[in-house]
Amino acid sequence: MSDVLEIGGIELRSRLFLGSGKFAANKVIPDVVAASGAQVVTVAVRRVDMASADENILTHIPKDCVLMPNTSGARTAEEAVRIARLARAAGCGNWVKIEVISDNRYLLPDNFETIKATEVLAGEGFVVLPYMSPDLMAAKRLADAGAAAIMPLGSPIGTNRGLKTKELVRILIEEIPLPIVVDAGIGRPSEAAEAMEMGAAAVLVNTAIATAGDPVAMARAFGMAVEAGRMAHLSSPGAILQYANASSPLTGFLSE
Amino acid sequence: MSDVLEIGGIELRSRLFLGSGKFAANKVIPDVVAASGAQVVTVAVRRVDMASADENILTHIPKDCVLMPNTSGARTAEEAVRIARLARAAGCGNWVKIEVISDNRYLLPDNFETIKATEVLAGEGFVVLPYMSPDLMAAKRLADAGAAAIMPLGSPIGTNRGLKTKELVRILIEEIPLPIVVDAGIGRPSEAAEAMEMGAAAVLVNTAIATAGDPVAMARAFGMAVEAGRMAHLSSPGAILQYANASSPLTGFLSE
Amino acid sequence: MSDVLEIGGIELRSRLFLGSGKFAANKVIPDVVAASGAQVVTVAVRRVDMASADENILTHIPKDCVLMPNTSGARTAEEAVRIARLARAAGCGNWVKIEVISDNRYLLPDNFETIKATEVLAGEGFVVLPYMSPDLMAAKRLADAGAAAIMPLGSPIGTNRGLKTKELVRILIEEIPLPIVVDAGIGRPSEAAEAMEMGAAAVLVNTAIATAGDPVAMARAFGMAVEAGRMAHLSSPGAILQYANASSPLTGFLSE
Amino acid sequence: MSDVLEIGGIELRSRLFLGSGKFAANKVIPDVVAASGAQVVTVAVRRVDMASADENILTHIPKDCVLMPNTSGARTAEEAVRIARLARAAGCGNWVKIEVISDNRYLLPDNFETIKATEVLAGEGFVVLPYMSPDLMAAKRLADAGAAAIMPLGSPIGTNRGLKTKELVRILIEEIPLPIVVDAGIGRPSEAAEAMEMGAAAVLVNTAIATAGDPVAMARAFGMAVEAGRMAHLSSPGAILQYANASSPLTGFLSE
Amino acid sequence: MRVYINGSETEVAEKITVSALLTQMGLDPDTVVVEHNMVIRAKSEWAQLSLAASDKLEIVTFVGGG
Amino acid sequence: MRVYINGSETEVAEKITVSALLTQMGLDPDTVVVEHNMVIRAKSEWAQLSLAASDKLEIVTFVGGG
Amino acid sequence: MRVYINGSETEVAEKITVSALLTQMGLDPDTVVVEHNMVIRAKSEWAQLSLAASDKLEIVTFVGGG
Amino acid sequence: MRVYINGSETEVAEKITVSALLTQMGLDPDTVVVEHNMVIRAKSEWAQLSLAASDKLEIVTFVGGG
């Protein structure tokens, strides 16, 4: 099928974006990436930790993946911009997931600072994918600021609560002429499939895969579910009805 | 993966059962079966129609599929038994989906007559899969009567309304030591995936595939979604939480 | 308003039925009944307990209430009939809530035994209100057996899970020409209101009131919610729309 | 009960705010206000219409109600401020509902402009209740800007779709130390009750009452439902459980 | 003489009547129903109804229930 | 001679066999099942099985169904 | 003399006061608010406030709204 | 000479270059990015770039994140 998603000039065949945090052991990541089929993988930027001789995360991510550093840890647009620039200096491309958070309980993103950071970074040539709290007017401003895609949350990060913001995400999909990537909260493949059926361009999943008992199998499950949901979206699903409609002929039979 | 579903002595690798009704043209069925990966296909029994020189449905169903004739049209156990015997006489195996319906608006099955028919047909050596309105005590009686699997409805036949009976189906899965196959009402791949994630053994889909704009693509989508849901069920999904849980490290960063 | 519910020849103004079990102290019951406005109160029948000099529950129930003994403890129709007869011998009227349960985990009722008991007791002149697992054909049989009303569960007894069987209860309301009383599982006033908005004739609440921190206030809340839901049902609610519809005039304003 | 809601120095006993738009005939409004028990009523500001000798809406609103003019029609903060000042010049108090909308399909509010308008108007001594798209960080900014309460939408204006933004509204209630008033989208009394059970301080209803077949009865229904939901919130509702919990004693009975 | 009261084997006086038994048990006759060998007995019969050895008696009452 | 085929009264030749009838109706014997007076008849019996007046014959086949 | 009333160009008498204009338009002064060249004017000013050519006047009132 | 590395005050040799510092810290230059007094410095500059007292250095790398 020639159904590709183009973001920042790159043509993606997989519509599952993968987060690389929280894995019990990072060495499982290559198998997870392979099983999921993901072509975009997020990473975070942190000060080197002298104490723990932690392996380099990049060694676990296949070279043909698009690397999407996030700006986690940023509480303001200014900090997000600084982190994004550091990330780009690593020479792994110019994608960035903007994430500006100052709420410590629900880790909900700050749309206002996110818009400011988007504007600056898009102006500097980054391919900017802002993580946001679903809100139509904020999404419009992100689009105007130069975002390459919009990433509204389904529910708070890491909760596995699913697509609780369906009503608002549905409106973004309908009204915003950019790819909508549901990021955060997706806990089950069925929820990823539902997001895709609604017309999301992609979903970003991390916790649900990283914390599953078998992350490789779960990655494969998400990969298939995302593809299934996308395919269903393109296949003109039938109408939802109030009354029943027989699957077998109702015409007369033996008793008549 | 060696995850097989055994029903009536047959080992099934695919957990998507396919209904063959309502296709705009039956000649699409072979491609639909292939795309879905289904190994069990339902058919109905009807008087030959001299008026329409209708092609034989069996010519469209691959020979290696398990054929599961239904007893649609039956309003009583007696009629269901008669139809089942006719179906078996065709020499295509001994599986039967019992379907006894006298409600014309919602086409809801009659559990009482269904139990009676199950008892008779199981006694005659049929592999009996009764379609039922989800009810724990009725399911226990079906199990006692010799059913090989239990097929509760997700919502009324042909409505595409989805898994509206989740609460009751969940209990059947937990309490009945037989495969639970969600039959009727599943309208989207995401709903099929959710049923599988809950622990259903399989799902039976007809309308959602047959009436899609592109039934072959929709069949493939359902096949993948069912597999994804099953895989997720086996992969120990993570917990669902109230509060957020960062995917990126929360440890100190630049500003500190 | 002259909106009365007639069951067994009695005209009820309140559509909230109250269960009397599980109260921390039975002496709160008169205030609960008064606050709720309930006119029908259920009780159970048990062997006298010599050990605990338990007060008589009837002393706590206002004399003008309709007493509805249940057959809890019965595992078969025969036991239910025996309990119902004992209850009637107490001389407190001829209403009975049939409850036949042999499932110990979810306490789900046995529709088959319930139908048998209904037939016997209706034949003996009882006003029979069977508690049931929502299933259209079982409800039709209960109606045929002489039930005065049908009482499907919203979710398992005592769970406060709410109206999880909405899809099936909605169909009972539409198809069964008897009052439908949602019994079991209703945990919040909003859920009681929703059942009434759907067209339920009444709801029976016990756990949600008895186990609230303030049962009297909760009883009042349920009484009001049931009345609100009923009133809304009778007031022709507006349509549910996809797109917005301004509440304030959209005609031109200052800027034009 | 001494449960009062204080906003802008005024103590409100009713937690149902009423919108005055869309009534088929404005002369029903006094009966609607009385039936609902509402103490706060919204109105819009418009240019006088010479063509239609429209009666003055204020003649239909009881004098003891708090009048809350909205800024509907405003597309920017500046316009909202201008409308608010005009409204205050009418001499009917200093409350204002800020409503800044430039989206024509879903009429979703613009949180950014709303915050600006809130800051200006709160600085001028208005009691400001901003209508907003539910977003935690925007709500925090509104609080900082001097809002007296925060009014997130349940679903788009006039849709009767209900509390679709539950997940986000729940977080606002938990995190924002101001009254949260659910405004827009509430279509049924049960939904209003649910919002109150969640801990909303009040709900604002217009379309659901104004477009009901019987607006006076529907107003009464909403008034009762809001009170019921509030009372339930204050009564420590019982826990929601997975497994059943008998309402009648499970101790031995006849058969033992 | 031993009878079964609510499932428990119990020693009672020979030919004791139901009325006497209830009094002895401290039960208010107005709050109980009595089943004697599977037959429900009206309150009016209790004064005359004498128990025999091995009789089965059920004495039930109403309790809170939902 | 009149028989009932799938509920419709139909004129057929005297003592016609099921095989002959199917041929005459243009039906492929491999795709149908035949019930004769409420008894299902195996394909192997059809050549010998002659109909009598007023016999009831059901000739069924598989169609698409869910 | 032409002024703009609620966005529409309108012919009015020279130096007409707001009070006179409202009376002429049949509007109840108690139900409207007047903005004159973007400045809200109190009711007490209306009798003295004369319009000049090209002035912009907004006359608003409350209507039903949610 | 004391400088600030990732927020911690640290003793280093006078005029040490970034390259030397990284080597001394056992860090693979290919896996880190260096910000010197708020300015990001390209890898090609590290061999020449000498630190002065009180300089602020941030040495960051990629870790797992979502």
Side-chain angles (χ1 to χ4, degrees), chain A residues 19 21-22 44 46-47 70 72-73 75 79 82-83 105-107 156-161 187-191 193-194 197 206-208 211-214 217-218 220-222 224-225 227-229 231-232 234-249 251-255, chain B residues 19 21-22 44 46-47 70 72-73 75 79 82-83 105-107 156-161 187-191 193-194 197 206-208 211-214 217-218 220-222 224-225 227-229 231-232 234-249 251-255:
Chain A
K22 286 185 174 176
R46 284 296 175 278
R47 285 165 166 176
N70 66 35
S72 63
R75 300 173 66 90
E79 289 173 11
R82 189 173 164 206
I83 296 170
R105 176 121 61 150
Y106 287 104
L107 300 176
I157 294 178
T159 58
N160 285 336
R161 292 173 68 82
R188 301 286 182 269
S190 58
E191 297 158 2
E194 187 183 3
E197 288 164 4
N206 188 342
T207 300
T211 69
D214 182 342
M218 191 59 95
R220 191 189 321 277
F222 268 98
M224 295 175 76
E227 204 175 331
M231 218 177 285
L234 298 175
S235 302
S236 308
I240 296 171
L241 307 172
Q242 163 95 354
Y243 294 113
N245 198 327
S247 293
S248 302
T251 52
F253 199 35
L254 305 180
S255 51
Chain B
K22 286 185 174 178
R46 284 296 176 278
R47 285 166 166 174
N70 67 34
S72 62
R75 300 173 67 90
E79 289 173 10
R82 189 174 163 207
I83 296 170
R105 175 121 61 152
Y106 287 104
L107 302 176
I157 295 178
T159 59
N160 284 337
R161 290 174 69 81
R188 301 285 181 270
S190 58
E191 297 158 2
E194 188 182 4
E197 288 164 3
N206 189 343
T207 301
T211 69
D214 182 343
M218 191 59 96
R220 190 190 322 278
F222 268 98
M224 296 175 75
E227 203 175 331
M231 218 176 283
L234 298 175
S235 302
S236 308
I240 296 172
L241 307 172
Q242 163 95 353
Y243 294 113
N245 199 327
S247 293
S248 302
T251 53
F253 199 34
L254 305 180
S255 52

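Every chain is numbered from 1, with letters handed out A, B, ... down the list of sequences.
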Enquirer: What's the verdict on side-chain contact (heavy atoms from CB on, under 4.5 Å) for B:R161 and A:Q242, showing C-alpha distance, side-chain angles and the deciding distance?
Expert: CA-CA 8 Å; B:R161 290 174 69 81; A:Q242 163 95 354; 4.1 Å; yes
Enquirer: With chain A, which of B:A212, B:G158, B:S190 has the greatest number of heavy-atom pairs at distances under 4.5 Å?
Expert: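 It is B:S190.
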Enquirer: Taking every non-hydrogen pair under 4.5 Å, which of A:E227, A:E194, A:R188 racks up the most with chain B?
Expert: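 Highest number of pairs under 4.5 Å: A:R188.
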Enquirer: Pick from B:N245, B:N206, B:T207: which one has the most heavy-atom pairs with chain A under 4.5 Å?
Expert: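 Most pairs with chain A among the choices: B:N245.
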Enquirer: With a 4.5 Å cut-off on heavy-atom pairs, point out which of A:A44, A:P156, A:A225, A:P189 contacts chain B the most.
Expert: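 Ranked by heavy-atom pairs under 4.5 Å with chain B, first place is A:P189.
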Enquirer: Highest number of heavy-atom pairs under 4.5 Å with chain B: which of A:A239, A:G21, A:A228?
Expert: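 Option with the greatest count: A:A228.
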Enquirer: Which region of B:E197, side chain (C-beta onward) or backbone (N, CA, C, O), has a non-hydrogen atom less than 4.5 Å from a non-hydrogen atom of chain A, or is it both or neither?
Expert: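 For B:E197, the side chain is the part near chain A, not the backbone.
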Enquirer: Which value, rounded to the nearest 0.5 Å, describes the distance between B:R220 atom CZ and A:M231 atom CE?
Expert: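 Reported value, rounded in 0.5 Å steps: 5.5 Å.
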Enquirer: What are the two closest non-hydrogen atoms of A:P237 and B:M218, and how far apart are they?
Expert: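 Taking A:P237 first and B:M218 second, the nearest heavy atoms are CA-CE, 3.7 Å.
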Enquirer: Among the options A:A193, A:G238, A:G187, pick out the one with the most heavy-atom pairs lying under 4.5 Å from chain B.
Expert: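 Heavy-atom pairs under 4.5 Å are most numerous for A:G238.
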Enquirer: Ignoring hydrogens, what is the shortest heavy-atom contact between A:A217 and B:S235? Give both atom names and the distance.
Expert: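 Distance-wise, the nearest heavy atoms are CB-OG, 3.2 Å.
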Enquirer: Looking only at heavy atoms, what is the nearest atom pair of A:I240 and B:N160, with distance?
Expert: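 The answer is CG1-O, 3.5 Å.
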Enquirer: Would you mind telling me which of A:T211, A:N70, A:I157 has the largest number of heavy-atom pairs within less than 4.5 Å of chain B?
Expert: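 If we count pairs closer than 4.5 Å to chain B, A:I157 comes out on top.
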